[in-house]
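Okay, structure first, notes after.
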Amino acid sequence: MKKAFITGITGQDGSYLAEFLLKKGYKVFGLTRRTSTQNFARIKHIVHDPNLKLISGDLIDQHSLTFALNDVKPDEIYNLAAQSFVQASWEQPVLTGEFTGIGVTRVLEAMRLVCPNAKFYQASSSEMFGKVRQTPQTEDTPFYPRSPYGVAKVYGHWITVNYRESYDMFAVSGILFNHESPRRGLEFVTRKIANAVARVKLGKQTHVELGNLDSKRDWGYAKDYVEAMWLMLQQDEPDDYVIATGETHSVREFLQLACKAAGIDDWKSIYKHNPLFDRPAEVDLLMGDPTKAKEKLGWKPSISFEELVKIMVEAELELEKKSEN
Ligand code: NDP
Ligand code: GDR
């Protein structure tokens, strides 16, 4: 039985990846950090699976990572844990650097000492392209991050490349563009909008307060993207890949389509601008070119932008109908 070790298993991607690997017959080990209240909402349906084991540890604690990997001796390591919310990275830039940047080195160091022949996946991000130097963005587009989060991810990206080149380790970096799902955190714009329009539809609130509606993102479906992570580790040679849909849409378009999916006629009637949600430095436009992933991994997205919006709004309508608040 192959063994996979996932950091960030309680997050959106970690939960989908764990499901995916369990279905493939893996034994899955997930790193969880100590929190005062358990945060297993996304994995509650698999937490009792005999092939899933949770191990306590934290990206900030080198020993916990070394001990965890020593216990497991995994074949594959997926480093998905991070402080992943761009806006929060201006409020907590040092913590973001510790988790999202140096945390990658800690996992790589533990792997180098304990299981150097494992395969390592780093969750890199389109935020590294930031103030984009070319469109669409490819594996060769230079980075220009625009937030402490983006800067930390550039560090994580290059330290992964560096361990591959310094120690001949199988370490790859997936440059993933935004991917969403009903399991997205409520603070991210897609889930925030999907949830708000559902609540407006059900008469639970009247408005949604947002920041910049003009920014454009290449939005895909999270379930498709975790498959790409796995495919990268099944290759003979380690390499980095852009994972994206190749389309870009504005936040305004997302809001318009979400209102339509919920049966709200006039999106402007429920929208309010709140400068609190504007960012000190914005990433205006992201659009990835997934050609390399298509050709070498045989990967392609299965869900369109319109379908994604619909999936998210329908999930929120279901959820909000059941909840009393
Ligand atoms: P989430 O924010 O949903 O999940 C983050 C995970 O990291 C959670 O499980 C969280 O645990 C864990 N974590 C945070 N800090 C620590 C720490 N110090 N030690 C151990 N675990 C920690 O992110 P996503 O699932 O959306 O993203 C997964 C990864 O992919 C992240 O690295 C993100 O930056 C990156 N990424 C995401 C994209 C996207 O569009 N979703 C696009 C490109 C990259 P807890 O539950 O305890 O908070
Ligand atoms: P992003 O996602 O920063 O792209 O990072 P987010 O959904 O937070 O923002 C997308 C765009 O929407 C604009 N926006 C708002 N954003 C939020 N969160 N809340 C608002 O009210 C709002 N109004 C407008 C933002 O300014 C931005 O332009 C995500 C994360 O998952 C990262 O971890 C990941 O690396 C990247 O995607 C790729």
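When a ligand or atom number is given, it counts from 1 through the structure's own listing order.
- Below 4.0 Å from some heavy atom of Ser125 lie the following atoms of ligand 1, by number and element: 43 (C), 44 (C).
- Salt-bridge formation is not detected for the pair Asp240/Lys292: no Lys NZ or Arg NE/NH1/NH2 atom is positioned less than 4.0 Å from an Asp or Glu carboxylate oxygen.
- Every atom of ligand 1 with a heavy atom of Asn178 under 4.0 Å away is listed here by number and element: 40 (O).
- Annotation for Met229 and Leu80: closest pair SD-CD2, 3.9 Å, computed over non-hydrogen atoms.
- In this structure, atom 27 (C) of ligand 2 lies nearest to the protein heavy atom Arg217 NH2, 3.4 Å.
- Judged by distance alone, with hydrogens and angles left aside, the side-chain atoms of Arg146 form a donor-acceptor pair with the main-chain N or O of Glu282 at under 3.5 Å.
- Atom numbering of ligand 1 starts at 1 in the shown order; those under 4.0 Å from a heavy atom of Ala123 are 29 (C), 30 (O), 32 (O), 35 (C).
- The minimum heavy-atom distance linking Tyr149 with Ser84 is given by the pair CE1-CA, 3.7 Å.
- Looking at ligand 1, you won't find any N or O of Thr35 less than 3.5 Å from one of its N or O atoms.
- A cation-pi contact, defined as under 6.0 Å to the ring centre and within 45° of the axis, is absent between Arg133 and Tyr144.
- Using a 4.0 angstrom heavy-atom cutoff, Thr7 does not count as in contact with ligand 1.
- Annotation: cation-pi geometry not satisfied between Lys27 and Phe5 (NZ/CZ under 6.0 angstrom from ring centroid, within 45° of ring axis).
- Checked by distance only, ligand 2 and Thr190 stay at 3.5 Å or farther apart across all their nitrogen or oxygen atoms.
- Remark: Lys223 fails to qualify as a cation-pi partner of Tyr16 under the 6.0 Å distance and 45° angle criteria applied to the six-membered ring.
- In the candidate list Ser124, Ser147, Ser126, Ser215, Ser215 is nearest to atom 11 (C) of ligand 2, counting heavy atoms.
- No salt bridge links Glu76 with Lys3; every basic N to acidic carboxylate O contact stays at or beyond 4.0 Å.
- For the ligand labelled ligand 2, residue Lys192 lies inside the 4.0 Å heavy-atom shell.
- Residue nearest to atom 1 (P) of ligand 2, selected from Asn178, Val283, Asn212: Asn178 (by heavy-atom distance).
- Between the choices Glu127, Lys153, Arg184, the shortest heavy-atom distance to atom 31 (O) of ligand 2 belongs to Arg184.
- The nearest heavy-atom contact from the protein to atom 26 (O) of ligand 2 is Glu282 OE2, 2.6 Å.
- At a 3.5 angstrom cut-off on N or O pairs, Arg184 counts as close to ligand 1.
- The cationic atom of Lys53 (NZ for Lys, CZ for Arg) does not lie both less than 6.0 Å from the six-membered ring centre of Phe29 and within 45° of the ring axis.
- Nearest to atom 19 (N) of ligand 2 by heavy-atom distance, out of Arg252, Glu187, Gln12, is Glu187.
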